[in-house]
Amino acid sequence: MQQALDVVVNSFLAAGLYATMAYGLAVIYGVMRIINLAHAGIMMLGAYTTFTLFTHFSIDPFLSIVVVVPLFFAGGVALYRTVVRRLPRSGSTPSMESLLLLFGVWLVLQNLAYVLWSGDTQSILTSYTLKSVSLLGVRVGVPSLGVFGMSALSLLVLEFVLHRTYLGKAIRAVTQNRDAALLSGVDADRISAVAFGVGTAFAGLAGTLLSTLFAFTPDFGRSFLLKAFCIIVLGGLESVTGVAAGAFVLALLENVTAAYTAVPTSLQDALSFTLLVVTLVVLPQGLPGLSRLAHVRRRG
Amino acid sequence: MTSKRALEAAGMLAVAGALYFAPSFLERGTLNDLWSVALAVVLASSWNLLGGFAGQVSIGYSAFLGIGAYTTVLLALQGTPPVLTLPLGALLAAGFSVIIGYPTFRLRGPYFTIATIGVGEAVRVVASSLSFAGGASGLRMPAGSYDFESNFRSMTLLAVALVWIALAISRSAFGSALSAVRQDIDAAEALGVNSTRLKVTVHALSAALVGLAGGLFAINFQYVSPGSVFDFRLSLTIVLMPIVGGVGTVAGPVLGAILFGWLQLKLLSIPALLSSSLFIYGALLIAVMLFEPKGLLGLVRRLWARRLRRFYIDA
């Protein structure tokens, strides 16, 4: 019983972070039909930015979000304006050119980090890194709680922006149908720039949060990129709720296998990949597809 | 047309002959460099069969090189000669490609690409945790298994053979079917092309060739570890070479491989650039995608056409 509670609480905490990580990918895909392979590189850069702020200016990692988010938003907009916009527009499915281009951006970022910070493994050690508190009888690390709090906050803000502001409506409109949005007077190019900025900012935020929990190198982020893909494939791209649900399913699966089976933790990355392929093959529309299917069956 | 083919065949035979006798008149250092370029040509051209001709971009090819390399090491440690371990490695790589091909080829375009990143990662992680394969620290070849000359000849002949295979495929009905799948998979299906079987077949062929190269790789370096053969950077390089050279053509991957081989040798002599060599490759990839999606070969062809035009029209 206690173990089951452990699993649920830990999955819940991990899911917050996973959702933040995946959302950056989802918003860019939704608006532009581009799979941002540079996502992993941006997360890595977020971790290193936080690290630099922490070591040189002794800014608390969680406080560094105030710097990281606007900085990465601006970086994302700049990347869109200088490079991504020049690509031929993707149709309803993402183009190979955009994938490979952003792959190139990822390589450049990764090797920039090797030059700037060397290949050594770094980690951020604060006064509360090793502290833990008791939550529903489960020992939970203070950083994990902070990470969950920040993730939940960011997703709430996002949900508010998407549903209560003009910008959010425009983003959703372009996601649903670009041409119809253009016809209704939405400046799709500007919305794309903003969406790329938001996606990059979320990746940077995820990087900051990851840096408080894990050690990192310039090669950091690849396994998290796969997790993020897995989540958006599971949760669909249409809603923050879907992404959160996908994140929870993945986190639960990871925690359950870690707690109840003999699968070594080193194989965890293979797990998210397996889930990714199984979902893509069995349930190409993800969890929303499943609920739709159940709906049709009940009626039919 | 036939004279062109005869010329090509003669050219390839001449190159193969020169490479066969190269160990007797070239220095060891030059031979080593040639070996590396030949490996690059094999990897780039094999990848191009699936990624270029059929348009299925896979970023998981290190898995096949690794399977070939590990098969050779594991069997050589049991005393099996390379004549048997190399084909077996190729066979296992092909078998593995079929197993992962059936589920992943249901995915199209970028989704397939992402799944292949996952395959590469999963294989590396699993290989690092297998104790009989030496885990993360890898395995060493048994003493006395090293024979540079025969290894050099096998690798360079394999490279020449690959160019020939690519040429033959590009001119066959099989090649036309592959290019139909690349251009419009639904239209190809409607015309009676079994796209899944086609993709699985070409995947298996290219995996087998990469697996062969993997076996030779293991013999040449005498040591394999997950970090050397299942490295993500290796998968990257395999993708970058044909794309920078000219994806979907016969000469493009060879051009890309030679450029990369040369760059690698130049970079290796400058220690400061060594750790960030992928920076240059990344920048190259961005430039190619933005300005010349047909790669170096496309650039050469465009410049050549311009020169011809100047020659005939402006003059």
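Only this structure's heavy atoms are used, side chains among them; waters, hydrogens and symmetry mates stay out.
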Roughly how far, to the nearest 0.5 Å, is [atom2] of [Y] from [atom1] of [X]?
X        : Y        : atom1 : atom2 : result
B:Thr113 : A:Phe103 : OG1   : CZ    : 9.5 Å
A:Asn111 : B:Ile280 : CG    : CD1   : 9.0 Å
B:Ile59  : A:Leu100 : CD1   : CG    : 6.5 Å

Part of [X] lying under 4.5 Å from any heavy atom of chain A:
X        : answer
B:Val123 : neither
B:Ile100 : neither
B:Ile243 : side chain

Could you check B:Ile114 against A:Val233 for side chain to side chain contact (heavy atoms under 4.5 Å, CB included), going step by step and ending with a plain yes or no? CA-CA 11 Å; B:Ile114 291 162; A:Val233 166; over 6 Å; no
Is A:Leu99 in contact with chain B via its backbone, its side chain, both, or neither, using a 4.5 Å heavy-atom distance? side chain
Against chain B, label A:Leu102 side chain, backbone, both or neither, depending on which of its atoms sit under 4.5 Å from a heavy atom there. neither
Heavy atoms of other groups near B:Arg106 CZ, more than 12 under 6.0 Å: no
Can you name the residues of residues 285-297 of chain B that have some heavy atom under 4.5 Å away from a heavy atom in chain A? B:Leu285, B:Ile286, B:Met289, B:Leu290
